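Structure, as structure tokens:
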2 protein chains.
Amino acid sequence: MTQMQNTREKLIKKAFQEIYRNGFQGTRIDIVLNKTGVAKGALYHHFKDKNELGYAVVDELLTNMTIQTWIQPFENAQNPIDELIATIDNIFTKPTKQIIQTGCPLNNLAQEMSTVDEGFRKRIDKIYSLWRSSIADALTKGQSKGFVREDIESDKVATFIVASIAGCLGAGKNSRDINVLKDCGHSLINYLDSLRC
Amino acid sequence: MTQMQNTREKLIKKAFQEIYRNGFQGTRIDIVLNKTGVAKGALYHHFKDKNELGYAVVDELLTNMTIQTWIQPFENAQNPIDELIATIDNIFTKPTKQIIQTGCPLNNLAQEMSTVDEGFRKRIDKIYSLWRSSIADALTKGQSKGFVREDIESDKVATFIVASIAGCLGAGKNSRDINVLKDCGHSLINYLDSLRC
DNA sequence: TATAAAACAGACGGACTGGTCGGTCAATTT
DNA sequence: AAATTGACCGACCAGTCCGTCTGTTTTATA
């Protein structure tokens with residue numbers, strides 16, 4: 001019973017790493033098994049099939065990662081634009097090797113799988129929706145506090161911000177050039193500054 | 001000799017469609033063969049292996065598609081911002097079903113494969129570099145013509161524009177929601193407007 | 001038309017892959 | 001103590017999939 005949580009979590013964590021490196025379609029069940037030391041029967045005891053394992057990675061890992069990195073910071077933010085810029089600056093100008101070489105795990109999976117499998121698409125879309133509405137809310141609150149221009153539409157701008165962050169991280173990964181990432185971050189921050197009152 | 005071009009081109013075109021739908025790793029050689037009516041021996045006469053077929057799709061198809069859609073319009077443009085907005089408006093507010101459901105073929109492949117295989121990454125990066133420098137050049141020329149703000153750095157802004165376009169198309173695909181695409185396009189156009197003199 | 005080279009055909013190899021299935025064992029329940 | 005539960009095991013299977021190999025046909029050239 002206690003072991004169950006361990007095995008299940010172990011599988012999800014390792015599956016995430018493999019998916020992050022090789023994509024979902026490039027991930028091999030046997031490799032996940034080898035690297036965790038879990039037997040095949042155990043995996044198929046916890047998950048119906050390979051897809052369900054992937055879904056669990058999205059639902060139970062990527063969701064939390066996104067919340068921690070991009071959503072939590074807003075919870076107690078005074079000025080949403082300051083907070084956004086701080087987060088972006090932190091990730092874009094001091095990127096880990098992981099980020100430059102492998103990009104954003106959510107975006108990678110999204111671009112690979114949302115065309116191929118509807119189960120992935122819906123789950124990933126849920127995360128993006130959450131992220132968008134978190135930023136939209138923060139912007140709206142920022143407007144009433146007088147931090148954000150009144151003439152912008154929070155929803156639309158939030159959608160654009162999320163899309164741009166994903167796009168910039170993707171561009172950084174493709175080029176493997178830290179300057180591309182920095183340039184993107186720089187322009188993105190300029191844009192965010194333009195939203196101030 | 002004439003047949004050779006036909007067979008080769010036929011394979012590349014069909015491989016592109018399969019890759020666009022299923023990703024490269026999800027593409028099956030046998031399916032490409034069935035759908036073209038080409039025999040396996042013929043394919044392996046023209047291409048060393050599956051990767052080489054994929055590389056040919058990038059070099060010979062995606063490159064031209066990108067040039068036609070995103071680069072050619074600038075060749076004779078007076079005001080680069082007008083031209084950019086026109087192109088974006090055209091694609092984002094009147095998107096084909098293809099674009100909403102399957103996104104940008106270049107970006108899909110980029111996000112899937114640039115982590116997995118260096119051959120793909122380099123080829124794809126080449127296309128993005130071309131695209132970026134095309135926009136950067138146009139912006140710089142636009143500055144000397146007095147259409148574009150003097151205080152922006154063309155290179156950085158071009159990098160951001162390309163990344164944002166890719167990000168917005170990806171966001172549209174994930175959500176399968178035409179409004180997401182439109183909202184993104186709207187905000188992107190606002191940003192481009194802010195670059196005018 | 002003879003000859004060589006290029007293009008094409010498709011059966012086959014065999015490593016690999018996702019998934020199955022009968023069985024074990026320790027912990028709970030009755 | 002007997003019965004039951006459920007996590008876990010790992011050999012095995014059926015099917016997949018890339019790539020090879022042995023020809024045959026077509027085309028170019030002399």
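Only a predicted model underlies this, so the values are computations on that prediction, with no experimental measurement involved.
- In terms of phosphate contacts, A/His46 brings a side-chain nitrogen or oxygen within less than 4.0 Å of OP1 or OP2 of D/dC8.
- Applying the 4.0 Å criterion to OP1 and OP2 of C/dA7, one finds that B/Thr7 has every side-chain N and O outside that range.
- Within residues 35-45 of chain A, the residues approached by DNA chain C to less than 4.0 Å at the level of any non-hydrogen atom are A/Lys40, A/Tyr44, in residue-number order.
- Formation of a donor-acceptor pair under 3.5 Å by the B/Arg149 side chain with backbone atoms of B/Gly146 is not found in this model.
- Residues B/Phe160 and B/Tyr191 bring their aromatic ring centres within 6.0 Å.
- Under 3.5 Å, the side chains of B/Asn107 and B/Lys173 contain no donor-acceptor pair of N or O atoms.
- Rounding to whole angstrom units, CG of residue A/Asn51 and C1' of C/dT17 are separated by 14 Å.
- Rounded to whole Å, atom C1' of C/dG18 lies 12 Å from atom NZ of A/Lys48.
- Using a 3.5 Å distance cut-off with no hydrogens or angles, the side chains of A/Thr102 and B/Thr115 do not pair a donor with an acceptor.
- Every residue two or more places apart in sequence or in another chain that forms a side chain to side chain contact (heavy atoms under 4.5 Å, CB included) with B/Lys35 is listed here: B/Lys14, B/Glu18, B/Ile31.
- Taking the ring-ring contact (aromatic ring centres under 6.0 Å, His included) definition, one finds that A/Tyr55 meets it with A/Phe120, sequence neighbours left out.
- Taking every heavy atom of both residues into account, B/Cys168 and B/Leu181 meet most closely at O-CD1, 3.6 Å.
- Contacts with DNA chain C (heavy atom under 4.0 Å) in residues 13-34 of chain B: none are found.
- For the helix from C/dT1-D/dA30 to C/dT30-D/dA1, the angle separating the two terminal helix axes comes to 10°, with each axis derived from five pairs and the value rounded to 10°.
- Pairs passing the side chain to side chain donor-acceptor pair (under 3.5 Å) check and including a residue from residues 62-72 of chain B, sequence neighbours excluded, do not occur.
- We find the CG-CD distance between A/Asn22 and B/Glu112 to be 11.0 Å, quoted to the nearest 0.5 Å.
- Between the side chains of A/Lys156 and B/Asn190, no donor N or O sits under 3.5 Å from an acceptor N or O.
- One side chain, A/Asn174 or B/Ser114, offers a donor N or O that lies under 3.5 Å from an acceptor on the other.
- B/Lys50 has its NZ atom 12 Å from the C1' atom of D/dT16, to the nearest Å.
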